[in-house]
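Below is one structure, written out as structure tokens; comments come after it.
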Amino acid sequence: MMTNKSSVTDPVCGMSVSPAGALQSDFEGQTYFFCSSRCQSQFAANPGEVLAKRAKKEATSIRKSGSEASCCGGHEHGGGRPTLPATGPVNEGAIYTCPMHPEIEQVGPGDCPICGMDLEPKFVDTADQGEDEQYADMKRRFWVGVALSVPLLIIAMGPMVGLRVAAWMSNTAFGWMQLVLATPVVFWCGWPLLVRGAKSFRSMNLNMFSLIAVGTLAAYLFSLVVVLVPGVIPEAFFENGMPPLYFEAAAVIVTLVLLGQVLELRARQQTGGAIRELMQLAPETAHRITDDGEEEVALKAIHKGDRLRVRPGEKVPVDGRVLNGSSSVDESMLTGEPIPVKKSEGDDVTGGTLNQTGALVMEAVGVGGDTVLSRIVQMVADAQRSRAPIQKLVDVVARYFVPAVIVCSIAAFIGWAVFGPEPQLAHAFVAAVAVLIIACPCALGLATPMSVMVGVGRGAKEGVLIKNAEVLEVMENVDTIVVDKTGTLTQGRPEVTAIETFSDWQEADVLRLAAAVEAQSEHPLAQAVVRRAKTDGLNVVEAIDFNSITGGGVRARVDGRDVLIGKADLLDEKGVADVEAGRSRAGSHQAESATVVFVSIDNQLAAILAITDPIKESTPAALKTLHELGLRVVMLTGDAEPTAKAVGSKLGIDEFHAGVSPQEKHDFVRELKNNGKTVAMCGDGINDAPALAEANVGVAMGTGTGVAIESAGVTLVGGDLRGVAAAANLSRKTMSNIRQNLFFAFIYNTLGIPVAAGLLYPVFGMLLSPMIAAAAMSLSSVSVIANALRLRRASLT
């Protein structure tokens, strides 16, 4: 990179910077300049990767600029439901991509040249956590629309039911009042919708916004003519002595569509919760060991090869390898399993996991975007962005419906202008507008949102929470259910399920002494012993001389007795008598996937405790129901093979895989999808988040972690797997209801278009006034609403 230029490009963020006074670093004989220390640190962590990404960005920008014209025309596209212009904070140097067309990439935000949708960041920016101003703006537009549309609707539709709200007003004042109420709704609240409609015509990718723009403007402009030049409207079309107005139709269409946009933006905003919660798993600082001592540094300042100290109770800052020390590390955020893993010299540790008992000195191996946690974050973000829109069916129909309506409207205008009675142009205009009004997508705007809102509410009553509308569409076609074991099939916390005593010891006495010792330990197995003692109502005293023994055990004195708890090998090492007797009786429990803990009192084996994670009582019935629905059930778990086999055999799981990492879970789900399966993934741990997001539908247990819940499309509040069956039934009934609503939304309009165009006039002398056209449109909306409300009584079990 030459230094004699007036400005150069920061290889990290892409900003132009002046070499004079800028931060700089050398790599492979070249000097690179940076706008900030943050960019310089990111570059220093992995220069090769940064330069490769920058080269890709530049190539993409060149490719995009060269192909934009060809992309805008000739590309077949059903539309989708475009999101509205982004107004929130953006990272100008990031790569942005279209969620509908991932082949479109560019540096910085913008619009997709194919469908006009807003481009979204392709890579997660941990620094971008600003407030979503776009969502707030849409809510503001929606509520203003509601505030103006409701009185407008009452004023305009009142006379149809014998209610004249403004009877004291003249017809002229009545029209102007409606004009004043409708204008801000159409041209301020609905301005983004009109812009999208205009873009759809410019690129000839007609969609729902095309219908919205045409119908809204037709209704508004016709009414505007009535108010400004009422004399051009034939008296034969007057209602109650005054020409018809359709301001309320234009305003209501805009308000209903804005409601759908607000719901969609809210769902999209919530998907960021998983990303934010995952990011919070990593600590903000780390303790770096240097030749001059130890210093606390920001996480972004850590480089590969740095030596770091991790004290008890601290989170491991980055991925690395233990240089010295030993400790138990809670890896439940990674594996989902509750039992900590012993770490010592040479073992790998993962950023974000919790160091529990001892101090570790580690070498940083994976930093920045190379950590397991960062990859999980990116996998969640990528999978969430790849979901298909619920409006695809509507947009496919709209692609053909919109041109047909416009052609019919033009044909009606020409026909009346050439062959119609006097005044020809006035009749032609009214007939053309009647065609457009009867085709207005008022019911179309309600068809999907109404069914979704009622269906989601119905599911909530059953404890099935649906994150967004896309889930209902995809869940209908699910044929494979992938489940995690811990917390999904099982309760998610170990419990003492059996106690076998030796010599003359009584179960309660052994449990009381063991609980006194384990009460001073934070180990999940220890807490299971304490919980069992409390459940049995035992009086647990305080232990003294507590000692945590390297090798898997604890020791203390209780009531003057020496109590040792741990593995069989530890008891052998300490010279405890009769350990072999305990081993022989432990086998049957281990075959049932239990962890066996040995208890020695005064150097004599007193009991063995079988500790297991019990299967939920509802799980067998839930799996039976899923099989009856024709769904195949696959279990993926990070647990050991014997445990997985025991659980899988007991429950009749169709297929199981043990020792599976988060990456492998994610890849397994992707492989199923590549093989043509529609997958629902059920889990409750952070380790399940990538697979939950990658699956066609993610189903999280409500008793699980917030990350799992945020990554999933469906949350089962009670953590009951039977909710999966309820979700499947809900999706099928809701999608059926949506299809029925689409029929109602189109049937009145489709049948009314020929009548509105005047085809029956030569035979029957019958004309369809725009007011009757609006009534037909309203009738279709009533039908849609009434049909959607039937979902409230739907049976899901």
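One is the number of the first residue; the rest follow in order along the sequence.
In terms of heavy-atom proximity, Leu605 sits nearest to Val576 at N-CG1, 3.6 Å. Here the closest non-hydrogen pair linking Val558 and Ala543 is CG2-CB, 3.6 Å. Nearest approach of Leu631 to His627, heavy atoms of both residues: O-CD2, 3.5 Å. When all heavy atoms are compared, the tightest approach of Arg321 to Gly346 is CG-O, 3.8 Å. The shortest heavy-atom contact between Val310 and Met362 is CG2-SD, 3.8 Å. The two atoms that bring Phe656 and Lys645 nearest to each other are CZ-CA, 3.7 Å, heavy atoms only.
Note: Asp536 CG to Arg531 CZ = 13.0 Å, rounded to the nearest 0.5 Å. Taking CH2 from Trp505 and CG from Leu513, the interatomic distance works out to 5.5 Å, rounded to the nearest 0.5 Å. Of the inter-residue distances, the one linking Arg555 atom CZ with Asp562 atom CG reads 4.0 Å to the nearest 0.5 angstrom. To the nearest 0.5 angstrom, Glu580 atom CD is 6.0 Å from Asp572 atom CG. The distance from atom CD of Gln604 to atom OG of Ser503, rounded to the nearest 0.5 Å, is 4.5 Å. Atom-to-atom distance recorded for Lys665:NZ and Leu692:CG is 8.5 Å, nearest 0.5 angstrom.
A side-chain donor-acceptor contact under 3.5 Å links Asn696 to the backbone of Val679. Panel note: side chain Asp319, backbone Val365; no donor-acceptor pair is recorded below 3.5 Å. No donor-acceptor pair closer than 3.5 Å links the side chain of Thr353 to the backbone N or O of Val349. With hydrogens and angles ignored, the 3.5 Å screen pairs a side-chain donor or acceptor of Thr290 with a backbone N or O of Gly293. Using a distance-only test at 3.5 Å, with no hydrogens or angles considered, a donor-acceptor pair links the side chain of Thr497 to the main chain of Ala610. Side-chain N or O atoms of Ser649 include none that pairs as donor or acceptor with a backbone N or O of Ala646 at under 3.5 Å. A donor-acceptor pair under 3.5 Å is formed between the side chain of Ser327 and the backbone N or O of Thr357.
For the pair Glu694 and Lys673, the salt-bridge criterion is met [side-chain N within less than 4.0 Å of a carboxylate O]. Note on Glu294 versus Arg311: salt bridge recorded, some NZ/NE/NH1/NH2 to OD/OE distance being below 4.0 Å. A salt bridge links Arg512 with Asp559: the closest approach of a Lys/Arg side-chain nitrogen to an acidic carboxylate oxygen falls below 4.0 angstrom.
Considering only heavy atoms from C-beta on, Val318 comes within 4.5 Å of Leu308 through its side chain. With a 4.5 Å cut-off on side-chain heavy atoms, Ile565 and Val597 count as touching. Looking at heavy atoms from C-beta onward, Ile608 lies in side-chain contact with Arg585 at the 4.5 angstrom threshold. Val563 places none of its side-chain heavy atoms less than 4.5 Å from the side chain of Ser600. The shortest side-chain heavy-atom distance between Leu489 and Met635 falls under the 4.5 Å cut-off. Val596 is not listed as a side-chain neighbour of Leu609, based on a closest heavy-atom distance of 4.5 Å or more. In this structure, Lys616 and Leu721 have side chains that are not in contact, with every pair of non-hydrogen atoms separated by 4.5 Å or more. Proximity of Leu299 to Glu284: side-chain heavy atoms (C-beta onward) are nowhere separated by under 4.5 Å.
Scanning for side-chain hydrogen bond (donor to acceptor under 3.5 Å, both in side chains) contacts around Arg561 gives Asp602, with sequence neighbours left out. In this structure, the side-chain hydrogen bond (donor to acceptor under 3.5 Å, both in side chains) partners of Arg288, at least two apart in sequence or on a different chain, are Glu295, Asp306.
A cation-pi arrangement is absent between Arg557 and Phe546, since the terminal nitrogen or guanidinium carbon is not both under 6.0 Å from the aromatic centre and inside a 45° cone about the axis.
Around the CG atom of Asn674, the shell of radius 6.0 Å holds more than 12 heavy atoms that belong to other residues, nucleotides or ligands. Counted within 6.0 Å of NZ on Lys677, heavy atoms from surrounding residues, nucleotides or ligands total 12 or fewer; the atom is thus considered open. The number of heavy atoms from other shown groups lying within 6.0 Å of CD (Glu628) is above 12.
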Are Val322 and Ser344 close enough, and set up right, to give a side-chain contact (heavy atoms from CB on, under 4.5 Å), and what steps lead you there?
-> CA-CA 6 Å; Val322 177; Ser344 56; 5.7 Å; no

Pair Leu651-Ile615, side-chain contact (heavy atoms from CB on, under 4.5 Å): steps then yes or no | CA-CA 9 Å; Leu651 294 176; Ile615 293 173; 4.0 Å; yes

Show your reasoning for whether side-chain contact (heavy atoms from CB on, under 4.5 Å) applies to Asp479 and Arg632.
-> CA-CA 6 Å; Asp479 52 33; Arg632 179 174 176 80; over 6 Å; no

Could you go step by step and tell me if Thr501 and Glu507 meet the side-chain hydrogen bond (donor to acceptor under 3.5 Å, both in side chains) rule?
-> CA-CA 6 Å; Thr501 60; Glu507 180 178 307; over 6 Å; no

I would like to know whether Glu655 and His657 meet side-chain hydrogen bond (donor to acceptor under 3.5 Å, both in side chains); could you show each step before the answer?
-> CA-CA 7 Å; Glu655 179 182 347; His657 299 272; 2.6 Å; yes

Can Val483 and Val634 be said to form a side-chain contact (heavy atoms from CB on, under 4.5 Å), step by step?
-> CA-CA 6 Å; Val483 298; Val634 181; over 6 Å; no

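Counted by atom type alone, Glu314 and His287 present one or more donor-acceptor pairs between their side chains at under 3.5 Å.
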